[in-house]
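Keep in mind it's a predicted model, so treat the numbers as computed, not measured.
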Amino acid sequence: MDRNELIDLTRRALKIATDKTTDMTPVERRHPAAMFTDQERFERERELVLRSPQLVGYRSELPAPGSFCTKTVMDIPVLLTRGSDGIVRAFQNVCTHRQAPVAKGCGAAERFVCPFHAWTFDNRGSFVGGPGREGFPATIAAGANLTELPAAEHSGFLWVGLRPDAGPLDIDTHLGDLGPELESWNIGNWAPVGEKVLDVPVNWKLALDTFAENYHFATVHRDTFAVFTKSNCALFDSYGQHHRLVFPMRHIGDIADQPEESWEPLNNFVVIYALFPNIVLSATVANGEVFRVYPGSKPGHSVTYHQNASPMDFSDESIRKAADDVFEYAHASVRDEDYPLAADIQRAMNSGARAEMIFGRNEPGLHHRHSVLDEALGESTGESLGV
C-alpha cells in the first residue's frame with residue numbers, strides 16, 4: 001500500500017474507533033453446526049485445500065542460490081530449493097527408493113543424501129548417484145528423480161501445489177488485486193523468526209475463525225491483545241475469495257487532532273489477511289505472522305503451523321531475543337486462549353446440543369469466509385436472519 005492508501009485506512013479506523021462502532025453486514029447469518037462435524041463435508045473441504053495453491057513461507061527462507069528449506073503441508077513432506085538460476089523449486093521430500101526424507105530443516109546444499117541408503121539428489125531433484133546401483137537397473141533407467149511439485153515465488157512468499165501433475169501455479173489469478181498489496185509490505189524479505197506447531201481437536205475452519213473477528217478480544221484476550229487493541233472494532237474489505245481486516249490500536253484516538261501528514265499509519269492498527277482457503281497473515285510495523293491451518297485426520301482435528309518474520313536487524317542478540325519474545329507472546333495467546341476455547345466449542349458441536357451457530361452483523365469476516373467456501377464447493381449452507 002502506498003501512503004495515500006494507508007492514510008485512508010487510518011481515517012476509516014479512526015472514525016470507527018471514535019464512533020465506538022465496527023464495519024457490519026446488513027443482516028445476521030445462521031450457520032449449521034454440522035459444517036464443523038460432518039465427515040462427508042470435511043472430506044470435500046480437505047480435497048479443496050489439497051488442490052489450492054499453498055503459501056508455505058517467506059522468500060527470505062531461500063535467501064540465495066543453493067539454499068533450501070523443508071515443510072510439512074497437509075501431511076506431505078516438502079523440500080523447497082533455490083537453484084543456481086535463482087528459481088524456486090519444490091519436491092516431495094521423499095526418496096524414490098524407500099521414501100525416507102532426503103533433507104531436514106533449512107540451510108544450504110547442492111546435494112541431498114538420503115540417510116537410509118545414501119541415494120543422492122541435486123537441488124533440481126535429479127538422482128545423481130548412490131551405492132549399489134546395479135541392484136536397481138529398471139528404476140534408474142526409468143528415472144529415479146524426486147517428485148517435483150508446482151512452485152512459485154510471489155508477493156514475497158513461497159507457494160507450492162500439492163498435486164504433481166496439476167500444472168504451473170497461477171498466483172496472480174489466485175490473489176487478484178490483493179497480490180500487489182501483499183508485495184508492498186516487503187514481509188517476504190524480513191528475517192524469519194521461527195515456526196511453531198499446534199495440533200488441536202478443533203475443526204480447521206473453527207481454528208481459522210478465531211482470526212476473523214476481534215469481537216472476542218475483551219473477553220478471551222482481556223489481558224493480552226485487548227490491552228493494546230480495541231475490541232469489537234474492525235474494518236472489513238473483501239478481495240474475491242480473500243479478505244482484509246484492520247484492527248485499530250487503543251491509542252489511535254491520540255492522532256485525532258494531529259495533521260495527517262504527521263501520521264504514522266502502521267503504528268495505529270494491525271492488518272489481518274485471510275487468504276483463501278486456509279491461510280492467515282497478520283501484518284504490523286514490527287512483524288509478519290503466517291498461520292497455515294490444515295484440515296487434520298477428521299472433522300474435529302486440525303494442525304496449525306505458525307511462523308513469524310521481523311524487519312529488525314538480528315545481528316544484535318538483544319534484538320533477536322526481543323523478536324523471539326514477541327513471537328512467543330503471540331503464539332501463547334493463540335495456544336492458551338483461542339484454541340482451548342475453540343476445543344470447548346468443538347466438543348459442544350460434536351454433542352449435537354444445538355443445530356446452528358450465529359454470525360453477527362459485526363462479524364463480516366465469518367460471513368465472508370463461509371460464503372466463499374460454500375460457493376467453491378457449490379453449496380449454500382447459511383441462512384440470513386433479520387429484515
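A salt bridge between Glu260 and Arg11 is present, with a side-chain N of the basic residue lying under 4.0 Å from a carboxylate O of the acidic one. Salt bridge status for Asp325 with Lys321: present, with a side-chain N to carboxylate O gap under 4.0 Å. Looking at Arg163 and Glu47, a side-chain N of the basic residue comes within less than 4.0 Å of a carboxylate O on the acidic one, giving a salt bridge. With respect to the salt-bridge test (charged N to carboxylate O, under 4.0 angstrom), the residues Arg292 and Glu195 qualify. Using a 4.0 Å cut-off between a side-chain N of Lys or Arg and a carboxylate O of Asp or Glu, Arg44 and Asp38 do not qualify as a salt bridge. A salt bridge links Lys196 with Glu328: the distance from a Lys NZ or Arg NE/NH1/NH2 to an Asp or Glu carboxylate oxygen falls below 4.0 Å. Note on Arg354 versus Glu356: salt bridge recorded, some NZ/NE/NH1/NH2 to OD/OE distance being below 4.0 Å. For Glu183 and Arg59, the salt-bridge test passes: some basic side-chain N is under 4.0 Å from an acidic carboxylate O.
Shown here are the ring-ring contact (aromatic ring centres under 6.0 Å, His included) partners of Trp159, two or more places apart in sequence or in another chain: His174. Residues meeting the ring-ring contact (aromatic ring centres under 6.0 Å, His included) test with Trp204, sequence neighbours left out: none. In terms of the ring-ring contact (aromatic ring centres under 6.0 Å, His included) criterion, residue partners of Phe236 (sequence neighbours excluded) are, by chain and number, His243, His368. Tyr273 is linked by a side-chain hydrogen bond (donor to acceptor under 3.5 Å, both in side chains) to Glu181, Trp185, counting only residues two or more places apart in sequence or in another chain. Scored by the ring-ring contact (aromatic ring centres under 6.0 Å, His included) test, His306 finds Phe291, Phe327, His331 as partners (sequence neighbours excluded).
Within the hydrophobic cluster formed by Ile, Leu, Val, Met, Phe, Trp and Tyr side chains joined at under 4.5 Å, directly or through other members, Phe112 is accompanied by Phe68, Leu79, Phe91, Val102, Trp119, Phe121, Phe127, Phe136, Ile140, Leu146.
Here the side chain of Asn203 pairs no donor or acceptor atom with the backbone of Gly300 at under 3.5 angstrom. A donor-acceptor pair is defined here as one N or O able to donate and one able to accept, closer than 3.5 Å; no such pair exists between the side chain of Asn189 and the backbone of Gly156.
A donor-acceptor contact under 3.5 angstrom links the side chains of Tyr339 and Thr304, judged on distance only. For the residue pair Asn362 and Thr22, no side-chain donor N or O sits within less than 3.5 Å of a side-chain acceptor on the partner. Counting only N and O atoms by type, the side chains of Ser371 and Arg29 include a donor and acceptor under 3.5 Å apart. Side-chain atoms of Asn350 and Gln346 form a donor-acceptor pair, as typed in the model, at a separation below 3.5 Å.
Phe247 pairs with exactly one of Phe217, Phe228, Phe225 by the ring pair (Phe, Tyr, Trp, His ring centres under 6.0 Å) rule, that one being Phe217.
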- Message: If you apply the rule salt bridge (Lys or Arg N to Asp or Glu O under 4.0 Å), what do you find for Asp324 with Arg320, and how did you get there?
- Response: CA-CA 6 Å; Asp324 288 339; Arg320 171 68 205 221; 3.2 Å; yes
- Message: side chain to side chain donor-acceptor pair (under 3.5 Å), that's the test. Do His221 and Asn214 meet it? Break it down for me.
- Response: CA-CA 9 Å; His221 301 306; Asn214 67 355; over 6 Å; no
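Considering all non-hydrogen atoms of both residues, Pro265 and Ile7 come closest at CG-CD1, 3.9 Å.
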